[in-house]
Amino acid sequence: FPDGVQNNGHLGLAALAVGAVFQMNGHGAYRPAGYVQFRVNRHSSADAFLAVIVPVVLLGHVNDLRPADRPAREQGVAVETAEVLGLKGAQDGSYTVMTDYGDYTARAVILALGVKHRLPGIAGEEKYLGNGISFCAVCDGAFYRGKEVAVLGGGNSAVQEAVLLSENCKKVTVIQDLAQLTADAALVKALRERENVHVLCGRKLLGYTGAEGLSGVVLADKEGKKEELSCDGLFVAIGLIPCNDAFAAVAPLDGRGYFAADESCTGSANGIFVAGDCRAKKIRQIATAVGDGAVAAQAACAYLNAKGRD
């Protein structure tokens, strides 16, 4: 749940920061015994003082989480993988994390769910994910050095991606479905100053070309006239989608679907904490995700210590 999310590069870092903080809470303070992630396999149920729920797509390690979660494991965190089906509270203040391989009972829960990238929703695009379609110029831009790429989107994120890609790519084409770019004026000015950047406004993405990997995209203007744009890669920057609905009962959402929690990373219910890009915030970057993880971990440990061990 959700199946096949395409999360951004920060998605596991809030949880890893949680694991790092646990070592700082020794001398009789609570340390975690449960760390639940979605979607892979699980063999039995377990109880815990603290459960941390994160997506399974940790830094690209879909089937083998060990490289990504090693910092947490080294601090004594037990990592269990299962598909999370829901979360419910009990009268004694504990929580039950319901999964497809059993239930986990915890006295506190940290939700570090990340977000997924919004896709155009064109049939067959899944086969190009990681094979021509990317979401992060910092992560994947180097693979396209000296090549021609396109960026889908016209907001701040898309323009920033295009500017960064223009430093190494032979040609960068920005594809915007609106009549003009919607990014801040300073960003648009910086983009226009790049000689190897071409902007196509009023174009709708209709499809992709390429048998093995992406070789181009099919566009249409407002009159419906089609054209094919050759490119070695497409960077999609048309927004993010939170995946928080299943937990709305214990952590209210804002109008955009993000957890309505402030910098304290606490939910409205006792023992519920949120961390990372799933939380309502202005800046979603690696640094803020890690910071949230540290804040949420400290808050959860303080909550558990205040309740005592009984």
Side-chain angles (χ1 to χ4, degrees), residues 10-38 44-55 58 65 68-82 84 86-99 102-114 244 247-252 259-281 287-310:
H10 319 154
L11 65 84
L13 295 177
L16 299 190
V18 169
V21 170
F22 291 142
Q23 183 64 29
M24 299 166 57
N25 289 276
H27 308 293
Y30 277 116
R31 306 185 75 170
Y35 182 97
V36 182
Q37 300 178 316
F38 8 119
S44 63
S45 299
D47 292 338
F49 286 130
L50 175 65
V52 182
I53 303 176
V54 304
L58 275 175
L65 300 178
D69 62 29
R70 184 177 293 116
R73 288 178 183 270
E74 290 176 349
Q75 304 303 334
V77 178
V79 178
E80 308 292 352
T81 55
V84 177
L87 176 68
K88 64 180 181 180
Q91 290 184 349
D92 64 359
S94 65
Y95 293 92
T96 298
V97 183
M98 298 169 288
T99 81
D103 295 344
Y104 299 78
T105 301
R107 303 187 187 185
V109 178
I110 296 177
L111 301 173
L113 308 181
N244 301 334
F247 303 97
V250 295
F259 290 126
D262 59 18
E263 300 299 323
S264 67
C265 295
T266 56
S268 62
N270 289 333
I272 296 293
F273 306 89
V274 300
D277 290 351
C278 61
R279 181 176 71 80
K281 58 169 67 177
T288 64
V290 173
D292 277 6
V295 171
Q298 293 283 11
C301 289
Y303 169 79
L304 291 170
N305 287 328
K307 288 179 66 66
R309 290 185 176 273
D310 294 331

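We count residues from 1, following the sequence as given.
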Atom pair [atom1]/[atom2] of [X] and [Y] - distance to nearest 0.5 Å:
X    : Y    : atom1 : atom2 : result
L113 : R279 : CG    : CZ    : 13.5 Å
D103 : L87  : CG    : CG    : 10.5 Å
C265 : I272 : SG    : CD1   : 13.5 Å
T96  : Y104 : OG1   : OH    : 12.5 Å
T288 : D277 : OG1   : CG    : 6.0 Å

Verdict with reasoning, R107 to L304, per side-chain contact (heavy atoms from CB on, under 4.5 Å): CA-CA 7 Å; R107 303 187 187 185; L304 291 170; 3.6 Å; yes

Of all heavy-atom pairs between [X] and [Y], which one has the smallest distance, and what is that distance?
X    : Y    : answer
G114 : C278 : O-CB, 3.6 Å
A108 : F273 : CB-CE1, 4.2 Å
T266 : A261 : O-CB, 3.5 Å
A251 : L111 : CB-CD1, 4.3 Å

V84 vs F247 side-chain heavy atoms within contact, under 4.5 Å: yes

Residue pair V274 / N244, side-chain heavy-atom distance below 4.5 Å: no

D292 side chain vs G276 backbone, donor-acceptor pair below 3.5 Å: yes

